[in-house]
Amino acid sequence: QVQLVESGGGLVQPGGSLTLSCIVSGVDFDVYAMAWYRQAPGKQRVLIASILAGGSTTYAPSVKDRFTISRDNAKNTVYLQMNNLSPEDTAVYYCNADDPTVVPGKSIELKEEQIWGQGTQVTVSS
């Protein structure tokens, strides 16, 4: 069964940086396009960055040029380097397979059968 374990979140001041990690198990990781999603309090879950199996990346406009998604297939891990963080980036961050029907920056429909990890909380505050 697929398992996703996110880590690396925390409290950071505006302008700061964090790197999130997500270890994936139970699937043939290196053939999957992966993505990072985030959900702010009271809002829907949004796709913010995706990376194809071959390494091509796409980003939501709100994070482009500040966030970088990457993957290490040998470690079954996907990363999200986040720079110049602002309070608007405060959210729980999740990784999962990319949803090719969703444009980065748009919210997703949560499917009952889809497995999610616990997420990692990122709080940007002075």
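Because the structure is predicted, anything quoted here is derived from the model rather than measured.
- When atom types are taken as modelled, the side chain of Arg45 and the backbone of Arg38 share no donor-acceptor pair closer than 3.5 angstrom.
- Residues Trp36 and Asn96 have side chains not in contact (no heavy-atom distance under 4.5 Å, counting atoms from C-beta outward).
- In this structure, the side chains of Leu85 and Leu18 come closer than 4.5 Å at one or more pairs of heavy atoms.
- Residue Ile51 is grouped with residue Leu20 when hydrophobic side chains (ILVMFWY) are merged at heavy-atom distances under 4.5 angstrom, including chains of intermediate members.
- Salt bridge Arg71/Asp30: absent, no basic N to carboxylate O contact under 4.0 Å.
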Would you give me the side-chain donor-acceptor pairs under 3.5 Å for residues 116-125, sequence neighbours excluded?
unit_1 : atom_1 : unit_2 : atom_2 : d
Gln118 : NE2    : Glu6   : O      : 2.8
Thr120 : OG1    : Gly9   : N      : 2.9
Gln121 : NE2    : Ala91  : O      : 3.4
Gln121 : NE2    : Thr123 : OG1    : 3.3

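- With a 4.5 Å cut-off on side-chain heavy atoms, Asn83 and Asp65 do not count as touching.
- The closest side-chain heavy-atom distance from Arg66 to Asn84 is below 4.5 Å.
- Around OH of Tyr79, the count of heavy atoms belonging to other residues, nucleotides or ligands within 6.0 Å exceeds 12.
- At a threshold of 4.5 Å between non-hydrogen side-chain atoms, the residues Ile48 and Tyr37 do not count as touching.
- Both Val92 and Val102 sit in one connected hydrophobic cluster of ILVMFWY residues. Membership requires side-chain heavy atoms under 4.5 Å apart, directly or through other members.
- Placement of Leu47 and Tyr59 in two distinct hydrophobic clusters is found when ILVMFWY residues are connected by side-chain heavy-atom separations under 4.5 Å, directly or transitively.
- Donor-acceptor pairing under 3.5 Å is recorded for the side chains of Ser50 and Thr58.
- A donor-acceptor pair under 3.5 Å is absent between the side-chain atoms of Thr101 and the main chain of Asp99, judged by distance alone.
- Between the side chains of Ser126 and Gln13, no donor N or O sits under 3.5 Å from an acceptor N or O.
- Side-chain N/O atoms of Thr68 and Gln81 include no donor and acceptor closer than 3.5 Å.
- Linking ILVMFWY side-chain heavy atoms closer than 4.5 Å, directly or via other members, places Met82 and Val46 in a single hydrophobic cluster.
- The shortest distance between side-chain heavy atoms of Ile69 and Val78 falls below 4.5 Å.
- Between Pro104 and Pro61, the shortest heavy-atom distance links the atoms O-CD, 3.9 Å.
- No hydrogens or angles considered: nothing links the side chains of Thr77 and Asp72 as a donor-acceptor pair under 3.5 Å.
- Rounded to the nearest 0.5 angstrom, Met34 CE and Leu52 CG are separated by 12.0 Å.
- If you chain together hydrophobic residues whose side chains sit under 4.5 Å apart, Val24 and Ile115 fall into the same group.
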